[in-house]
Amino acid sequence: MLTPQENDRLTRVGKGTPMGEAFRRYWIPALLSEELAEPDCPPVRVRLLGEDLVAFRDTNGDAGLVDAFCPHRRAPMFFGRNEECGLRCVYHGWKFDTNGTCVDMPSEPALSSSNGSLFKTKVAIAAYPTFEAGGFVWTYMGPRETIPPPPDYEFVRAPATHRYPSKTLEECNWLQALEGGVDSSHATIMHNMNIGDRSWLHDFEATVPRLDLERTDYGFSYSGVRTLPDHQWVRVYHFVMPTIQMRGTIQGSDLQEGYIPRIDGHLWIPIDDENTWVFNFMYSYDPATPLSHEEALGVETRAGRGPDDLTPDYRAKRNKHNDYLIDRALQKSASFTGIKGVNTQDFAVQEAMGPIVDRSKEHLGTTDRAVITTRQLLLEATRAVERGEMPLGSDPTAARAVRPADHRIACGLDWRVTLRDELIARY
Amino acid sequence: MLTPQENDRLTRVGKGTPMGEAFRRYWIPALLSEELAEPDCPPVRVRLLGEDLVAFRDTNGDAGLVDAFCPHRRAPMFFGRNEECGLRCVYHGWKFDTNGTCVDMPSEPALSSSNGSLFKTKVAIAAYPTFEAGGFVWTYMGPRETIPPPPDYEFVRAPATHRYPSKTLEECNWLQALEGGVDSSHATIMHNMNIGDRSWLHDFEATVPRLDLERTDYGFSYSGVRTLPDHQWVRVYHFVMPTIQMRGTIQGSDLQEGYIPRIDGHLWIPIDDENTWVFNFMYSYDPATPLSHEEALGVETRAGRGPDDLTPDYRAKRNKHNDYLIDRALQKSASFTGIKGVNTQDFAVQEAMGPIVDRSKEHLGTTDRAVITTRQLLLEATRAVERGEMPLGSDPTAARAVRPADHRIACGLDWRVTLRDELIARY
Amino acid sequence: MLTPQENDRLTRVGKGTPMGEAFRRYWIPALLSEELAEPDCPPVRVRLLGEDLVAFRDTNGDAGLVDAFCPHRRAPMFFGRNEECGLRCVYHGWKFDTNGTCVDMPSEPALSSSNGSLFKTKVAIAAYPTFEAGGFVWTYMGPRETIPPPPDYEFVRAPATHRYPSKTLEECNWLQALEGGVDSSHATIMHNMNIGDRSWLHDFEATVPRLDLERTDYGFSYSGVRTLPDHQWVRVYHFVMPTIQMRGTIQGSDLQEGYIPRIDGHLWIPIDDENTWVFNFMYSYDPATPLSHEEALGVETRAGRGPDDLTPDYRAKRNKHNDYLIDRALQKSASFTGIKGVNTQDFAVQEAMGPIVDRSKEHLGTTDRAVITTRQLLLEATRAVERGEMPLGSDPTAARAVRPADHRIACGLDWRVTLRDELIARY
């Protein structure tokens, strides 16, 4: 439970807001690399932290991310012509490169007058730096003097043959989406697709995990250990500030599908206060086992965000406008939600909370510890920025080596010792 | 004509507003019984007086009406699973009965810890009491200590074989809808479907009624007596606070269809400040004559709200988004409006006034007396509640015995004497 | 570049705003004459300067423009019955003529009581004067005591056989639409449909015009003179306050189509702060050469607003909701925009600036002189009205005689002398 003021502080991300300024101290993904398919391809609209931008890939293949409006008369750069290492506004022909520099200004008498030339050098379009890695085009929207080293997480370094990036639009505030991610306690209920035999409650009680949360210099790690008759089941995920979750998926929900040495995760990136891009990653952490496209699409499809589940602009076809195609008969017989797809179930609950959930009306329990810690870390980040400091985890190297886990080990062992090597990134 | 302040006071119905608090001292219908088709059926979204709620029918057949959001983390109860005498939130599995009591909390360690148990007993979901009668699920949204006796009007007591309840969405403030109901003077113009012979004006002048309005302890009764060559035509309707109209329909507009001993009426229930549920009732007041389904559907269809006129969610197919399919040729030749269906004509005029009509720009005439009285009664009700009193008519027994009339009697008789027995409810 | 306060002052047009009051000192077109096809035809919704109105043509053929809501109970006059020299509200039958006078009030006891009669004479519906000319129904929405003489421009006086009026909805503030009109410098870039041979830049540089702007007693005239190897190309357009552009089109973009002795123009009329009617006119200025319907439709189609380009309610089918059907391949090969139709290109740029462009973020150059002057004139008009004076150009006779030009003349001549007669209206 938060005060309305704290809720505002945490959820609003526009320029000048506390959380908006905190977000502007981190590298975040702006779009997928695949959205800028080739040099000189059409520009793409990007809305990020409430700012309207346009992304383009220039003739050299470099990604640019500039103001959505031309500095001359505020014409829309989305209709711009992407040509010869620059994006040309079609209103009066001003042209800008990926740095925002004006490289052509045909409407002004530049050739005949030194003043015209001068004007060109004085005008630039606002541009944010980009860094392309892991299938994402990352950007940093804060002050240039505090720009951190570029993203350097294991999922960013995994070879292209071993990874699969994707994204989905979620129509609510980023924080309630993120909170659904760090909250592992809902999985046994909401994602349970097998309640027909009424044994779910018994299973649930039988497998209540021993939970532990440890703060780190990038956020926190969260472990759940279940003691089963013949082994211990250990799951460790990492929350990396401000909005990354990395988790193991070797076993557990995917157990029956055969061994895929995979690590998964999400980044919940605010489009604005009421819309979120959920960027997803998965990668094979075994260098000897590439992640095939078919395997990746299978995972995406089971999550509810496969190629048949999304429109070309990354919107879910089962969405809040059609009640996620809830099947009330299925809800009676097989699953708590009656909704197809784990991610779709998450979206259903999170979006239907409303655009920004009112956290002053909550009643948190003991299993909400990860949610509570996440909020504390984010509030601390806003205060650090207000003090002029860089917030926790803004230097990506802090999480350079971390890796989550999902393993079964023998009874009696201390997982922190047994799994020590498994928890260190090897890419 | 009202001041803008009075207009606000009368039209706004959110929690804490004067009229909103007045409404919260009366039983009002929340939805139709048919919307909760059977025990453990899917829950139904209900928005009432600006509050988002969810209705469900439990395993015992009892109707529950609870907050739309779970008290734990504000997940949407609409996606809840209706099971074994309770509605279970699908996020973390908390389950609530129709009283709002938490009857299961699997996410918390309830079995192993007394604290867990304790937390379950401390948390409840907001729930309003329900009462099912007359084909409606009624609710009372005010303080429990002032809850009045349940609805006890004749249309509520009429046997199921003799009545027909329905509802339609009206996309404007409840008060302008209600005012259209109590204003009988528009009928000769707006609902006139027979102006082709140009005799309408003559008919109109020939039948100007002698109007009378009498305040009562439930609202007012309004009588119109027309003196015709060979008889008097007496119509008496009742306005029952805060939002019920009961009227006779034996003769008059239905005259040509044969004798149906019917009483009709509406309740205009605010969804929020800009949307209204019009609940409709009709019943045969003759115990010997049931109201057949066919007869009822015929009446509904003539009103413009028959099965072919509405979508499954009770929205009119002829609505403001398609200009009510106005037929301008028909408007030239046959009716003033060119719009099909008496209720559709009402909706066209009332909705197209805008979401909340600006009553400071009105010019009221002598025939607007019922409208004026209605506003006075409602303003008085808001002030009574502000003084800590229960407002006029909040105890439904005040209107227990009332019955409207629509009769023809011999010339020279005093209708108050002649019709005395006809004006007393017999169910 | 303007301050945010100046931007507000210039763009907002509601009642009581500075620019709104300035607009209310000029005759402006309310709708096309063709929208009121014949006497007693259906009424038409008109929204103008943020006010909701209804237009109708009475039995005598006179156009009326009245409040959208009946003064009695604010019922919508759009559903009114247009009959026998008046528009009758269908709620209670009150009827008003084109002057707003109540000519019938059947709901009140007018025949039997002098009070009823009296009430009828006391109530009127708000009505604005109309004047029909040039294919437009003009209105004046300001104080009656300052009403100027009616519109008297040459395009208004051109014979019906020689002119073609039209209109298109533009979904943004009127001023950014107008500014696109007076800004001639974008034409070589944005409307260039022939860039495939890469010679456009050379052509552009080779034909940089000598620009001149002259303030007048109706606004300003703007001339561009290009010195070509064997002649001078002279274009003169007029900006007539507050929102008319008149321009020659004899030569230039239409050169290859053969000689059409045509003058074109636009009026950008605010629907409200965020929507605009662009009224278009064209006429043959040669009395001996009528403008055929086919020729007119050809011009409209090339502009992107032909019969196939618009819906029946004058909306563009290529619009902001479908990105103007931009063809990115065409943008690579043939035109800067990849968008079909000169006017569609204008709309694309202007609408995608957002509802009201933020002029405090602009960087204006030397070619923005017409835009700057337009803003100065409009700001001066708002101040004149605030001083109680009539603003520049509010008397249409000031621009009675003006005519634009688009001519080629021999080298060495002074176009002001050579074209003196061509610049005087002859209708």
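Heavy atoms only: backbone and side chains are in, while hydrogens, waters and symmetry mates are out. Chain letters run A, B, ... following the sequence lines, proteins first and then strands; every chain starts at 1.
Contact check on A/Arg328 versus B/Asp40 returns no salt bridge, with no Lys/Arg side-chain nitrogen under 4.0 Å from an Asp/Glu carboxylate oxygen. We find that A/Lys361 and B/Asp67 are not joined by a salt bridge, their nearest charged nitrogen and carboxylate oxygen being 4.0 Å or further apart.
At a 4.5 Å heavy-atom cutoff, A/Gln345 makes no contact with chain B through either its backbone or its side chain. Of the two parts of A/Val349, the backbone and the side chain both hold a non-hydrogen atom closer than 4.5 Å to a non-hydrogen atom of chain B. In this structure, chain A has no heavy atom under 4.5 Å from any part of B/Asp52.
Rounding to the nearest 0.5 Å gives a distance of 13.0 Å between NE2 of B/His92 and CZ of A/Phe336. Note that the CD atom of A/Gln350 and the CZ atom of B/Arg74 stand 15.5 Å from one another [nearest 0.5 Å].
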Subject >> Stepwise side-chain contact (heavy atoms from CB on, under 4.5 Å) test for A/Thr366 and B/Phe119 >> reply: CA-CA 10 Å; A/Thr366 59; B/Phe119 190 51; over 6 Å; no

Original post:
After noting the C-alpha distance and the side-chain angles of A/His186 and B/Val90, does the key distance pass the side-chain contact (heavy atoms from CB on, under 4.5 Å) rule?
Top reply: CA-CA 8 Å; A/His186 71 265; B/Val90 296; over 6 Å; no

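Panel note: side chain A/Lys332, backbone B/Glu83; no donor-acceptor pair is recorded below 3.5 Å. A side-chain donor-acceptor contact under 3.5 Å links B/Arg81 to the backbone of A/Gln331.
Using a 30° and 60° split on the angle between ring planes, A/Tyr324 and B/Phe79 fall in the perpendicular class, above 60°.
When each of B/Pro71, B/Ala75, B/Cys89, B/Gly93 is checked for heavy-atom pairs under 4.5 Å with chain A, B/Pro71 comes out on top. Taking A/Met190, A/His191, A/His363 one by one and counting their heavy-atom pairs under 4.5 Å with chain B, the maximum is reached by A/His363. For the set A/Ile326, A/Ile339, A/Asp368, the count of heavy-atom pairs under 4.5 angstrom toward chain B peaks at A/Asp368.
Atom NZ of B/Lys15 has 12 or fewer heavy atoms from other residues, nucleotides or ligands within 6.0 Å.
Screening A/Ile189, A/Thr337, A/Asp183 for a side chain to side chain contact (heavy atoms under 4.5 Å, CB included) involving B/Tyr91 leaves a single residue, A/Asp183.
A/Met353 approaches B/Arg73 most closely through the heavy-atom pair CE-O, 3.3 Å. Heavy atoms only, all atoms of each residue included: A/Ala348 and B/Pro76 are closest at O-CG, 4.0 Å.
In this structure, the side chains of B/Phe78 and A/Asp323 come closer than 4.5 Å at one or more pairs of heavy atoms.
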